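Let me begin by presenting the structure, written as structure tokens, before commenting on it.
Below, all heavy atoms of this structure are taken into account, side chains as well, without hydrogens, waters or symmetry copies. Keep in mind that this is a model prediction, so the values were computed, not measured. Below, read A as the first sequence line, B as the second, and so on, with proteins coming before strands; counting in each chain starts at 1.
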Amino acid sequence: MNAPTAPGLVALADCDNFYASCETVFRPDWRGKPLIVLGNNDGNIIARSAAAKSLGIPMGAPLHQVRAIIRERGVIVCSANFAFYGDMSRRVMEVLERYTPQLDIYSIDEAFLDLSPVATLPPIQRRAFAVEARATVARWTGIPLTMGVAPTKTLAKAAAERSKRDPALGGVCVLGETASARDDLLRALPVGEVWGIGPRRAALLTRHGITTAYDLAQADTRWVRRHLSVTGARVQLELRGIACLPLDATPERRKQLCVSRSFGRPVTTLDELSEAAALFTAHVAERCRAQRTIATRLTLFLTTNPFREWEPQHSASATIPLPSATADTLALLRAAASALRRIYRPGYSYHKLGVILGSFTPDTPRQGELFGDGALTPAAEEQREALMRTLDAINARFGRDMIRPLSAGVAQPWRMRQARRSPHYTTRWDELPETR
DNA sequence: TCTGGGGTCCTAGGACCC
DNA sequence: TCTGGGGTCCTAGGACCC
């Protein structure tokens with residue numbers, strides 16, 4: 001396991017329109033066409049192909065706002081298929097891993113590469129290296145990506161941004177040695193597009209006359225520290241070429257896990273909410289076991305639909321400290337049920353429910369329980385763990401929810417809509433692409 | 001009719017302790 | 001008039017990210 005290191009030279013590999021590109025890989029007839037991917041419940045647009053962007057379809061917009069343009073321009077519409085995207089992501093990352101001693105996977109479609117081995121090469125050769133990595137990913141996976149190469153992560157992000165905006169760069173932007181090249185790039189980057197500067201901070205900065213990344217790099221460091229906290233101060237240093245964000249290739253153990261969904265239709269009864277709570281709890285428990293942790297805290301939250309302003313609103317959450325750290329589905333189901341009883345109020349139309357596990361510790365060695373009231377004996381505990389392992393194995397082999405809590409219900413009328421999901425091309429035998 | 005899901009880090013403030 | 005000082009831990013909420 002490598003400790004995080006301060007990068008001397010780092011590349012950001014950022015997949016282009018990732019979800020839309022995934023959908024196109026096995027449908028070459030869709031290449032170049034306007035295509036959008038909808039989030040769960042087929043609600044919002046969460047990805048757009050280049051052609052869809054150029055039609056002016058906005059990111060994040062609810063589907064019903066763009067119906068007209070979809071019909072008129074024949075836009076292809078897909079429901080999100082996260083199992084498929086996750087598998088394609090794994091393939092892209094495996095290719096990138098061949099090009100670096102340390103791959104820091106930042107999200108499903110982005111990773112930072114430690115390029116210190118090629119840092120001493122002249123810029124032209126560094127560029128050739130990035131160009132080849134990019135071409136190999138495209139050839140082996142079908143996914144196009146953009147590379148930004150620079151001394152810090154934040155500058156690499158800015159370089160990749162530049163590359164996406166300027167097709168003449170051929171998908172790779174290497175931030176040159178000279179300070180003037182860097183300054184030119186930063187002057188052209190609005191401050192709100194700097195990585196780590198969101199809408200709130202951008203508004204504050206603009207009010208103070210700081211409108212570009214260059215302005216932010218030059219601003220008074222004490223002022224930045226005071227108004228943007230340490231995260232903002234780091235952004236500023238990174239823009240100046242001083243690495244503050246380490247490259248971390250250790251496979252992460254999440255600090256919290258969340259499974260939440262909006263319902264396919266409004267839900268009012270405690271019975272239906274209990275079904276959703278049970279199903280989500282089973283899913284989050286499975287993920288907790290998969291990363292080999294046990295949780296000491298379960299939070300359940302519940303909200304009405306904030307867009308239906310004319311209806312009475314209620315949102316609440318309850319956190320249950322678990323008497324002993326666990327990843328046992330049955331123990332977590334009890335905690336979730338008691339949390340739900342605590343926050344449920346009749347008379348509301350609920351829209352979304354979520355279950356969060358947190359405050360993890362590694363699952364071995366197990367911390368013994370100080371006061372054993374009602375706890376399982378060690379032998380019973382071992383049996384329960386074996387049961388969970390069996391359950392996970394069956395679900396992994398025969399499909400998710402093959403075995404699930406009965407309390408999660410059977411008909412599940414509250415389930416989300418997903419009308420246009422593409423096949424699981426790479427993750428289910430019966431949905432493999434065929435050639436004729 | 002119809003508005004996503006899953007994360008991270010930081011800070012302020014309260015509870016509690018000596 | 002005057003109302004310790006300093007520390008830890010925990011949680012909620014804000015801001016940001018993809």
Please determine, for the side chain of [X], which listed nucleotide ([options]) has the closest atom?
| X | options | value |
| --- | --- | --- |
| Trp195(A) | dT3(B), dT8(B), dC17(C) | dC17(C) |
| Tyr106(A) | dC18(C), dC2(B), dG6(B) | dC18(C) |
| Gln256(A) | dC10(B), dG4(B), dT8(B) | dT8(B) |
| Arg225(A) | dT11(B), dT8(B), dG6(B) | dT11(B) |
| Ser229(A) | dG4(B), dT11(B), dT8(B) | dT11(B) |
| His64(A) | dG6(B), dC2(B), dG4(B) | dC2(B) |
| Val230(A) | dG4(B), dC10(B), dG5(B) | dC10(B) |
| Asn40(A) | dC18(C), dG5(B), dT8(B) | dG5(B) |

Verify the contact: side-chain N or O of [X] to OP1 or OP2 of [N], cut-off strictly under 4.0 Å; return yes or no.
| X | N | value |
| --- | --- | --- |
| Arg234(A) | dC10(B) | yes |
| Ser262(A) | dG5(B) | yes |
| Arg308(A) | dT3(B) | no |
| Arg297(A) | dT11(C) | yes |
| Asn41(A) | dC2(B) | no |
| Lys153(A) | dC17(C) | no |
| Arg265(A) | dT1(B) | no |
| Lys352(A) | dG5(B) | yes |
| Ser260(A) | dG6(B) | yes |

Could you tell me whether [X] contacts a base, only the sugar-phosphate backbone, or nothing, with contacts defined as non-hydrogen atoms closer than 4.0 Å?
| X | result |
| --- | --- |
| Val194(A) | sugar-phosphate |
| Ile197(A) | sugar-phosphate |
| Ile108(A) | nothing |
| Asn305(A) | sugar-phosphate |

Atom pair distance, as rounded to whole Å: [atom1] in [X] and [atom2] in [N]:
| X | N | atom1 | atom2 | value |
| --- | --- | --- | --- | --- |
| Glu193(A) | dC16(C) | CD | C1' | 15 Å |
| Leu228(A) | dA15(C) | CG | P | 12 Å |
| Arg48(A) | dC18(C) | CZ | P | 14 Å |
| Glu311(A) | dT3(B) | CD | C1' | 14 Å |
| Asp104(A) | dC18(C) | CG | C1' | 14 Å |
| Leu298(A) | dT11(C) | CG | C1' | 16 Å |
| Met59(A) | dT3(B) | CE | P | 17 Å |
| Asp16(A) | dC18(C) | CG | P | 14 Å |

Exercise. Determine, stepwise, if the pair Phe263(A) / Tyr350(A) fulfils ring-ring contact (aromatic ring centres under 6.0 Å, His included).
Key: CA-CA 8 Å; Phe263(A) 303 126; Tyr350(A) 293 99; 8.2 Å; no

Quiz item: Hey, what do you get for CZ (Arg126(A)) to CE (Met147(A)), rounding to the nearest 0.5 Å?
Solution: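 Output value for this atom pair is 14.0 Å.
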
So, are [X] and [Y] salt-bridged, with charged N and O less than 4.0 Å apart?
| X | Y | result |
| --- | --- | --- |
| Glu193(A) | Arg165(A) | yes |
| Asp392(A) | Arg389(A) | no |
| Glu132(A) | Arg127(A) | no |
| Glu286(A) | Arg400(A) | no |

Quiz item: Between Arg201(A) and Thr231(A), do the side chains contain an N or O donor and an N or O acceptor separated by less than 3.5 Å?
Solution: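 Distance-only check passes for Arg201(A) and Thr231(A).
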
Quiz item: Across all strands shown, which nucleotide pairs with dC18(B) by Watson-Crick or G-U wobble geometry, both distances under 3.5 Å?
Solution: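 For dC18(B), the partner nucleotide comes out as dG5(C), under the 3.5 Å rule.
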
Self-check item: Residue pairs involving residues 333-348 of chain A (criterion side-chain hydrogen bond (donor to acceptor under 3.5 Å, both in side chains); sequence neighbours excluded)
Solution: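 As it turns out, there is no side-chain hydrogen bond (donor to acceptor under 3.5 Å, both in side chains) pair with a partner in residues 333-348 of chain A once direct neighbours are skipped.
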
Quiz item: Got a sec? Which of residues 199-217 of chain A come in under 4.0 Å of DNA chain C, heavy atoms?
Solution: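 Heavy-atom contacts with DNA chain C come from Pro199(A), Arg200(A), Arg201(A).
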
Practice problem: List for me each residue that meets side chain to side chain contact (heavy atoms under 4.5 Å, CB included) alongside Lys255(A), sequence neighbours excluded, and say none if there are none. | Solution: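 Counting only residues at least two positions away or on another chain, Lys255(A) forms no side chain to side chain contact (heavy atoms under 4.5 Å, CB included).
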
Exercise. Between dT3(B) and dC18(C), how far apart are the P atoms? Round to whole Å, please.
Key: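 One P to the other, the span is 25 Å.
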
Quiz prompt | Which residue lies more 5' along DNA chain B, comparing Phe307(A) with Thr231(A) via nearest heavy atoms | solution =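 Its nucleotide being nearer the 5' end, the pick is Phe307(A).
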
Exercise. Apply side chain to side chain contact (heavy atoms under 4.5 Å, CB included) to Gln218(A) and Thr212(A), showing your working.
Key: CA-CA 10 Å; Gln218(A) 299 302 314; Thr212(A) 68; over 6 Å; no

